[in-house]
Amino acid sequence: MKLHPTPESPTLVMHNMASLRETAGQPVIKFGFGQSPFPPPTIVIEALRDNAHRHDYTPVAGIPALRQAVAAHHKQFDLIDCTDKNVLISAGSKALLYAAMAAFQNAAVIIPAPAWVSYGPQAELIGHEIVPLPRMAGKDWRIMPDDLQRAAEQCSAGRDKILIFNAPGNPDGICYTAEELQALAEVARKNDMLIISDEIYGRLHFDDAHISMARFYPEKTVVTSGLSKWGGAGGWRLGTAVVPEGLSGLRDAMLGILSEIVSCAPTPIQMAALTAYQDSPEMRDALARRRSILKAVGTHSYEVLTSAGIGCTKPEGGFYCFVDFMPMQDVFAKRGIKDSYGLCEILLQETGVALLAGQAFGMAPDYLSARLAFVDFDGRAALDAAKSETVDAAFLQKYCGKTCQGLAAIKTWLEGLK
Ligand SMILES: Cc1ncc(COP(=O)(O)O)c(C=O)c1O
């Protein structure tokens, strides 16, 4: 048999290692797995309960009313000019990202490093050429227009070019300004690229100020999102894509692929999503509380880690910061730690804190880095408390204590190594 080399996702491997430790009775602080700490909003759970009896398949593109609601949502919050005809719903945005790439034959896919763990393996499975686009600490981990141009020039001639873009970012929490997006859009336009803009953390911009790439490159940007992150419903599997009007061929090709591999997103979940996508006072309040807690935890994470003498992206949205241990490279070398997997393993053994190694995000193995998902706290309790209490330092210690402990443990460990 000649099989594709598709090892288990490194995110899950780390999660399993941490779980094994826990089963052996040793405490673990789980900063490795990027799952929302919050449950779905109550009105959305109630909508799911009310629709549990629905069992028919839906159209592959999704229930028309949901597609309309998703289009209205992106129009209102992201200023994307779209209608239900531009929207595809499927079982998670992962399936839509795959379908968008698989719709092309022999494309060149430009993938930033670091980037979320699944873009590369998806492009590889499809058989596309992969062109890495390095992001660097010295450039604040941002994609620079010059670097994007260089990557475009590295794509083999005759191939369609696809840029994978993601902000707020996983693994970094980085968001881009309108000017930065505009500059990247200009390079994309000049090189006739398709941008797949993964905006799944968009509604979790800490200041509710997400800016979509589609505003600057509307003609060739596919925006993906869904309920997994802001809706706290990763296991429900509800993803969305907005495909520009002028790319109806791409939309149809995606639909064809989805019809062969997924059929449709689960019907009761689509009905629940209809409630999540309504701009109701309940949803606004639910999202505002989630954002304020994440902003406080994300900012605290950044402050603790940078005060320990290592680098860290300053998250502006989502659940993550990207930690750069290279300022302590010599100290680690003395302990025989030479790669990011080794670093995460020793950190887990000596502190009980689980991070996910930078290597999983496409960084060179010897670049000592890791993603920290600041989500190991009881999201339900924190949400309830945020109804009546101010989200400040005391709140964090009280309701996000485990996360604070984990951060403090990393700092103490690093100081002990020096
Ligand atoms: C950046 C990013 N994109 C996409 C996904 C996949 O989301 P979904 O649950 O919609 O498939 C994730 C999930 O971790 C993610 O972090």
Side-chain angles (χ1 to χ4, degrees), residues 8-15 30-38 40 62 66 70 73-74 87-102 109 111-123 135 141 143 162-176 195-205 210 212-213 222-242 254 257-258 261-262 264-266 269-270 272-273 276-277 294 298 313 315-322 356 360-362 371-375:
E8 192 183 354
S9 147
T11 320
L12 299 177
V13 171
M14 193 66 205
H15 189 61
K30 290 183 192 153
F31 291 154
F33 199 50
Q35 175 160 279
S36 171
F38 307 117
L66 177 58
V70 171
H73 173 96
H74 283 295
V87 174
L88 296 177
I89 310 289
S90 195
S93 66
K94 214 178 223 185
L96 289 154
L97 289 162
Y98 181 85
M101 281 195 253
V109 184
I111 304 183
W116 177 53
V117 293
S118 290
Y119 304 129
Q122 285 197 348
R135 299 161 60 197
W141 295 104
I143 299 174
I162 302 174
L163 167 67
I164 305 289
F165 185 77
N166 168 225
N170 177 2
D172 47 74
I174 283 177
C175 298
Y176 288 72
I195 298 185
I196 299 179
S197 187
D198 180 346
E199 302 184 14
I200 194 151
Y201 297 94
R203 293 285 81 72
L204 293 179
H205 186 293
H210 173 63
S212 174
M213 176 59 95
V222 173
V223 175
T224 57
S225 185
L227 275 194
S228 294
K229 309 299 173 179
W230 60 269
W236 287 12
R237 311 309 300 134
L238 190 292
T240 65
V242 181
M254 288 172 68
I257 293 163
L258 294 168
I261 61 172
V262 186
C264 62
I269 303 291
Q270 290 195 54
Y277 274 94
L294 289 173
T313 54
E316 292 179 86
F319 310 147
Y320 314 103
C321 45
F322 192 64
L356 191 54
F361 301 94
R371 182 189 76 180
L372 185 149
F374 41 84
V375 292

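Just follow the structure's listing: the first ligand is 1, and inside any ligand the first atom is 1.
A heavy-atom distance below 4.5 Å is not found between the side chains of Cys321 and Arg371.
Here the options are Trp141, Trp116, Tyr201, Phe374, the test is ring-ring contact (aromatic ring centres under 6.0 Å, His included), and the partner is Tyr320; only Tyr201 passes. Checking Asp198, Ile200, Thr240, Val242 one by one against Thr224, the side chain to side chain contact (heavy atoms under 4.5 Å, CB included) holds for a single residue, Asp198.
Remark: Arg203 pairs with His73, Asp78 by the side chain to side chain donor-acceptor pair (under 3.5 Å) rule, at least two apart or across chains.
The 4.0 Å heavy-atom shell around ligand 1 contains residues Gly92, Ser93, Lys94, Trp116, Tyr119, Asn166, Asn170, Asp198, Ile200, Tyr201, Ser228, Lys229, Arg237, ordered by chain and number.
Residues Met213 and Glu199 come closest through the heavy atom pair N-OE2, 3.2 Å. Nearest heavy atom pair, residue Pro112 against residue Ile164, reads CD-O, 3.2 Å.
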